[in-house]
Amino acid sequence: MFSYRHAFHAGNHADVLKHTVLIALLKHLTLKDAPLTVIDSHAGAGLYRLDGDFAQTSAEAADGIFKLWGKEKLAGALQDYLEVIQSFNAQCKVLKVYPGSPFITQHLLRDQDKLKLFELHP
């Protein structure tokens, strides 16, 4: 089995794109009152420390979230993305915590919605 550790890649350029699209999609889908179910087949741990060993080993966040962090006047979808990331770092003076898709999705879903998470690796 292919071994992939999300923590090495947390906040990289691909995460920025993937999570920006995820947030825009969820914001659109939750405009209607109808409940929805989100299924994440590669959930990972869901929450990552950018100052931790794994993230600092690869330093991929430098070309991702850190390039946007603290910027103002971004396009609407990128601004929404930054606001979600900021909500997980409200107690920090610097960006330390990076939410993966499970936490981003949970953050945006309503009480009537469901979230199903799956991950092969412990």
Side-chain angles (χ1 to χ4, degrees):
M1 175 188 340
F2 177 69
S3 181
Y4 179 88
R5 278 222 134 153
H6 286 82
F8 282 107
H9 312 288
N12 70 8
H13 68 284
D15 269 355
V16 171
L17 175 61
K18 177 178 68 173
H19 294 149
T20 299
V21 171
L22 175 64
I23 291 165
L25 180 63
L26 288 172
K27 287 184 89 167
H28 178 74
L29 289 173
T30 55
L31 289 174
K32 290 187 176 183
D33 290 334
L36 61 109
T37 299
V38 176
I39 300 169
D40 189 338
S41 61
H42 295 76
L47 201 59
Y48 308 96
R49 290 295 301 246
L50 294 177
D51 59 349
D53 292 343
F54 293 129
Q56 288 190 347
T57 297
S58 66
E60 291 182 27
D63 288 327
I65 182 60
F66 284 123
K67 286 198 174 203
L68 296 175
W69 192 250
K71 300 276 185 192
E72 295 181 19
K73 297 183 181 180
L74 294 171
L78 284 174
Q79 188 61 46
D80 290 344
Y81 164 75
L82 277 182
E83 288 173 7
V84 170
I85 305 305
Q86 287 169 343
S87 73
F88 286 86
N89 289 275
Q91 304 301 318
C92 305
K93 292 182 180 180
V94 296
L95 174 61
K96 289 185 179 182
V97 177
Y98 190 83
S101 299
F103 275 86
I104 290 172
T105 303
Q106 181 184 37
H107 180 75
L108 295 171
L109 290 182
R110 305 155 304 177
D111 289 340
Q112 70 265 35
D113 300 326
K114 294 180 183 177
L115 175 58
K116 303 291 184 182
L117 304 170
F118 301 91
E119 177 58 50
L120 290 175
H121 299 289

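Here the structure is a predicted model, which means the values were calculated and not measured.
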Under a 3.5 Å distance rule, please check whether Asn12 uses its side chain to pair with a backbone N or O of Glu60 as donor and acceptor. no
Side-chain heavy-atom pair Ile104, Leu22 within 4.5 angstrom cut-off: yes
Could you tell me if the side chain of Ile23 sits less than 4.5 Å from the side chain of Leu26, heavy atoms only? no
Are the charged groups of Lys116 and Asp40 less than 4.0 angstrom apart, N to O? no
Below 4.5 Å, heavy atoms only, C-beta onward: do Pro99 and His107 meet side chain to side chain? no
Do Lys96 and Val94 make a side-chain contact, defined as non-hydrogen atoms from C-beta onward lying under 4.5 Å apart? yes
Partners passing side chain to side chain contact (heavy atoms under 4.5 Å, CB included) against Gln112 (at least two apart in sequence or in another chain): Pro35, Arg110
Residues two or more places apart in sequence or in another chain: which of them pass side chain to side chain contact (heavy atoms under 4.5 Å, CB included) with Ser41? none
Taking the side chain as everything from C-beta on, heavy atoms only, tell me whether Phe66 gets closer than 4.5 Å to Leu50. yes
Could you tell me whether the side chain of Asp113 and the main chain of Thr37 form a donor-acceptor pair under 3.5 Å? no
Min side-chain heavy-atom separation Leu82-Ile65 under 4.5 Å: yes
Determine whether Leu25 and Leu17 fall in the same hydrophobic cluster, where Ile, Leu, Val, Met, Phe, Trp and Tyr are linked whenever their side-chain heavy atoms lie under 4.5 Å apart. no
Within a strict 4.5 Å, meaning less than it, do heavy atoms of the Val38 and Lys114 side chains meet? no
Test ring pair (Phe, Tyr, Trp, His ring centres under 6.0 Å) applied to Tyr98 - qualifying residues, sequence neighbours left out: His19
